[in-house]
Colleague: 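Mind having a look at this structure? Questions to follow.
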Amino acid sequence: MEWLERMNRAIDYIEENLTGEVEFSEAARMACCSSYQFQRMFSFITDVTLAEYIRRRRLTLAALELHNGGTSKVIDVALKYGYESPVSFARAFHALHGITPAMARQDGIALKAYPRLSFLITIKGADAMNYRIETKESFEVFGIEGIFRTDAGGEAPQTPAKLWEQSHANGDVKQLEARAGVLPSFVSQDLYPVNAVCSYRKTGPDTFPYMLCAFKEETSNTDGYTTVTIPAYTWAIFPSEPHQWEQFGDTIETLYRRFYTEWLPTAGYEQVDGVEFEMNGTKNGLNYIELWFAVRKM
């Protein structure tokens, strides 16, 4: 239950600071993980981003204060919950509640409330989750690296998915595939030459690295590419069922969600710094995915 305790400590910190500054890095420290890893886990588990959860909670409390407080000025409530002006507060308030802050004082007015989150174990169906634990020595990968913001901001491409799309369109994936050489013996030979690795080095509290990569072997040509050494890790590897290409998005989303909501809270392992691989392969004419998560015993 240590995982649950960590996540709930992070929520405690967030709730205690809704009228002040919520530092994502401090919430992540409470959960014993990186800022990027915490935000990623939070989104998969709750179906909402951490920033959106905080926004909803602040506007929920602001509405209650306006409705019950009587004499509280709108500007005071706006400043209390982190808005620099009544205009920005009114815009956000209307987007969530569908009314102006002043209207929230009326008796019988309809408001929306988003309660505080609490993490707990939920017993789900009996669907099996296939995985294996493997320990691998250090190896190298090389490829096309992007640094992305956790809020998907910044210059294009803004997300790993867009990096894949852009790199397929301009031929970069084909070129990297031609430079890759043979697959190493410690992976399935059904994998494609080009895959992806994420969070393999620190880039900042609100950014993460993502690389379209190939394994560096004696036959590889790495000229002009970024090369990264992956340390020796224990890996929790989750294979998908075979699927058609158009089902890729739903399949990988389901794998990630089940890892964070079903396996990680109960397995007695924790993720190491968010390091993970997205492997893609083909068997019998169908695609499959393997997600590799660097883990250690708790």
Colleague: Kindly give the heavy-atom pair with the smallest separation between Ile147 and Arg201, and that separation in Å.
Modeller: CD1-NH2, 3.6 Å

Colleague: Calculate, to the nearest 0.5 Å, the distance between atoms CD and OG1 belonging to Glu15 and Thr19 respectively.
Modeller: 10.5 Å

Colleague: Within the distance-only criterion (no hydrogens, no angle test), does the side chain of His67 pair as donor or acceptor with the backbone N or O of Ala104 below 3.5 angstrom?
Modeller: yes

Colleague: Can you see whether Tyr256 has Arg40 sitting over its ring - NZ or CZ less than 6.0 Å from the centre and within 45° of the normal?
Modeller: yes

Colleague: Counting only heavy atoms not in Asn284 (residues, nucleotides, ligands), do more than 12 fall under 6.0 Å from its CG?
Modeller: no

Colleague: Under the 4.5 Å side-chain heavy-atom rule for ILVMFWY, direct or indirect, which residues accompany Trp164?
Modeller: Tyr36, Phe142, Ile144, Phe148, Leu163, Val173, Leu176, Val194, Phe208, Tyr210, Leu212, Tyr225

Colleague: Closest heavy-atom contact between Thr207 and Thr203?
Modeller: OG1-OG1, 2.8 Å

Colleague: Keeping the roles fixed (side chain from Asp273, backbone from Val275), state whether a donor-acceptor pair exists under 3.5 Å.
Modeller: no

Colleague: Taking all non-hydrogen atoms of both residues, which atom of Gly143 and which atom of Met211 are closest, and how far apart?
Modeller: N-SD, 3.6 Å

Colleague: Among all residues two or more places apart in sequence or in another chain, which pass the ring-ring contact (aromatic ring centres under 6.0 Å, His included) test with Phe139?
Modeller: Phe186, Phe215, Phe277

Colleague: For the backbone of Ser43 and the side chain of Tyr53, can you confirm whether one donor and one acceptor N or O come within less than 3.5 Å of each other?
Modeller: no

Colleague: Quick one: does Arg149's side chain have a donor or acceptor within less than 3.5 Å of a partner on Asp206's backbone?
Modeller: no

Colleague: Return the minimal non-hydrogen interatomic distance between Arg58 and Leu18, and the atom names on each side.
Modeller: NE-O, 2.7 Å

Colleague: Supply the atom-to-atom distance Gln39 CD to Thr49 OG1, rounded to the nearest 0.5 angstrom.
Modeller: 8.5 Å

Colleague: Could you list all the side chain to side chain donor-acceptor pair (under 3.5 Å) pairs where at least one residue sits in residues 234-254, not counting sequence neighbours?
Modeller: Thr135-Thr234, Glu253-Arg257

Colleague: Donor-acceptor pairs are to be reported for all side-chain atoms of residues 290-298 against protein atoms at under 3.5 Å, with residues two or more places apart or in another chain.
Modeller:
| from | atom 1 | to | atom 2 | distance (Å) |
| --- | --- | --- | --- | --- |
| Glu290 | OE1 | Arg132 | NH2 | 3.4 |
| Glu290 | OE1 | Trp292 | NE1 | 3.1 |
| Glu290 | OE2 | Arg132 | NH2 | 3.2 |
| Arg296 | NE | Glu270 | OE2 | 2.9 |

Colleague: If you link I, L, V, M, F, W and Y whenever their side-chain heavy atoms are under 4.5 Å apart, who else ends up in the same group as Tyr192?
Modeller: none

Colleague: Taking only Lys NZ, Arg NE, NH1 and NH2, and the carboxylate oxygens of Asp or Glu, determine whether Glu52 and Arg55 approach each other closer than 4.0 Å.
Modeller: yes

Colleague: Who clusters with Ile75? Use side-chain heavy atoms, under 4.5 angstrom, across I, L, V, M, F, W and Y, and order the result by chain and number.
Modeller: Leu79

